[in-house]
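Residues take their numbers from the sequence shown, with the count starting at 1.
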Amino acid sequence: MDIRTIDWNKVWQEHLARPFDAQQVKEYWDRRAAGFSRPESQGPYIEQFLQLLSLQPDWRVLDVGCGTGALALPLAARVAGVTALDISAAMLDRLQSICRQQGITNIHPVRASWTDDWQERNITPHEVVIASRSVIVPDLRHAIETLNRFALHRAYISVPAGDGPFDPDLFQAIGRPCRRGADYIYVYNLLYQLGLHASISFISYVEDRSFSDLESATAAAGNKLGNLLPSEKTALQQYVARNYECREGRWQHRSPRTVRWAVMSWDSPGKRF
């Protein structure tokens, strides 16, 4: 079989972690906005991702799926401006609140999804476009083509490598299959098929977040699972009780997982400089 003839966009769709519903996606991220505002929710991923970016101080960055500003906030100090795009109004509200508190004036929030017409939202091409952990789309080809249209210099995508942020043991404990979806190789193959010669780097870190009590640890694990049945809630509590231990007054997983993300970047086909 010649991999160049495979429809990698279709393969991506077949391996989506769950059926895609834009409204459900928006509601999911609205619910998680408060948790994403906490500094500990960012972890070492952000620092490693920022190190991979090539930026100039007079450039503008379009941050697609910005959340509460994990990347937009530090980027604001490094570039002329950041357009922060997200489907979740709650995420953007929290981002604006942080900007007011910190006196940041060069972040422009825009509520939009991957399928909206960004030009109608008055978004113009930016020197750099990033989609960090936000390519949760049924049409990957369309997402990549959209990034290309709005990138003057370079585009960046990060997606899970292997299990990524998903803990198969946790899913098994509550009796659910771990549908992690397609990982980075599908994205890379589609980029190749589209004639985009992407560079690839890997972000790797140990997920060693700690909690003040088991209830907080259980809530954090539950956030990754969505709505839980009563039996699943009980199984989740039992899983946390078995696998977390108290160290110096904080609760942590006995065997912290290593999380890996793949970051692919490529020059815009219309690169001007």
Calculate, to the nearest 0.5 Å, the distance between atoms [atom1] and [atom2] belonging to [X] and [Y] respectively.
X      : Y      : atom1 : atom2 : answer
Gln238 : Thr218 : CD    : OG1   : 11.0 Å
Ile130 : Leu147 : CD1   : CG    : 10.5 Å
Ser268 : His126 : OG    : NE2   : 13.5 Å
Leu190 : Asp7   : CG    : CG    : 8.5 Å
Glu215 : Gln237 : CD    : CD    : 8.5 Å
Gln193 : Asn9   : CD    : CG    : 9.0 Å

Is there a side chain to side chain contact (heavy atoms under 4.5 Å, CB included) between Cys66 and Thr83? Walk through the geometry before answering.
CA-CA 9 Å; Cys66 63; Thr83 299; over 6 Å; no
Side-chain donor-acceptor pairs under 3.5 Å in residues 95-104, sequence neighbours left out?
{"unit_1": "Ser97", "atom_1": "OG", "unit_2": "Gln101", "atom_2": "NE2", "d": "3.3"}

Any side-chain heavy-atom pair of [X] and [Y] under 4.5 Å:
X      : Y      : value
Tyr156 : Phe49  : yes
Trp118 : Leu85  : yes
Asp58  : Glu127 : no
Val135 : Val187 : no
Leu75  : Leu55  : yes

When you measure from the side chain of [X] to the backbone N and O of [Y], does any donor-acceptor pair fall under 3.5 Å?
X      : Y      : result
Asp86  : Gly67  : yes
Asp163 : Phe166 : no
Arg154 : Ser265 : yes
Asp63  : Ala84  : no
Arg209 : His253 : no
Trp12  : Val137 : yes
Ser204 : Arg260 : no
Gln13  : Pro138 : yes
Ser134 : Val64  : yes

Taking all atoms of both residues into account, what is the closest heavy-atom pair of [X] and [Y], and its distance?
X      : Y      : answer
Leu73  : Thr68  : CD1-O, 3.9 Å
Tyr244 : Arg254 : O-NH2, 3.7 Å
Ser54  : Trp59  : O-CZ3, 3.3 Å
Ile174 : Leu236 : CG2-N, 3.9 Å
Phe202 : Ile200 : CZ-CD1, 3.8 Å
Asn227 : Glu232 : O-OE1, 4.1 Å

Hey, any chance [X] and [Y] share a hydrophobic cluster, counting ILVMFWY side chains that come within less than 4.5 Å of each other, even indirectly?
X      : Y      : result
Leu52  : Leu50  : yes
Leu196 : Val11  : yes
Tyr239 : Leu229 : no
Ile6   : Tyr184 : yes
Ile185 : Leu140 : yes

Parallel, tilted or perpendicular: which fits the ring planes of Tyr186 and Trp8, with parallel below 30° and perpendicular above 60°?
perpendicular
Give a yes or no on this: more than 12 heavy atoms of other residues, nucleotides or ligands lie within 6.0 Å of atom CD of Gln172.
no
Take a 6.0 Å sphere around OH of Tyr192 and say whether it holds more than 12 heavy atoms from other residues, nucleotides or ligands.
no
Run the side chain to side chain contact (heavy atoms under 4.5 Å, CB included) test on Leu170 and Asn243 for me, step by step, so that the C-alpha distance in whole Å, both residues' side-chain angles and the decisive distance to 0.1 Å come before the verdict.
CA-CA 10 Å; Leu170 174 58; Asn243 290 282; over 6 Å; no
Would you please name every residue forming a salt bridge (charged side-chain N to carboxylate O under 4.0 Å, His left out) with Arg250, sequence neighbours left out?
none
Could you tell me which residues satisfy salt bridge (charged side-chain N to carboxylate O under 4.0 Å, His left out) with Glu47, sequence neighbours excluded, listed by chain and number?
none
What verdict does the side chain to side chain contact (heavy atoms under 4.5 Å, CB included) test give for Val159 and Met264, after you've listed the backbone C-alpha separation in whole Å, the side-chain angles of each residue and the deciding distance to 0.1 Å?
CA-CA 9 Å; Val159 296; Met264 289 155 281; 3.5 Å; yes
Cut-off 3.5 Å, side chains only: do Trp266 and Asn148 have a donor facing an acceptor?
yes
Verify whether one side chain among Tyr45 and Ser132 offers a donor that lies under 3.5 Å from an acceptor in the other.
yes
When Arg60 is tested against each of Val82, Thr124, Val79 for side-chain contact (heavy atoms from CB on, under 4.5 Å), which residue passes?
Thr124
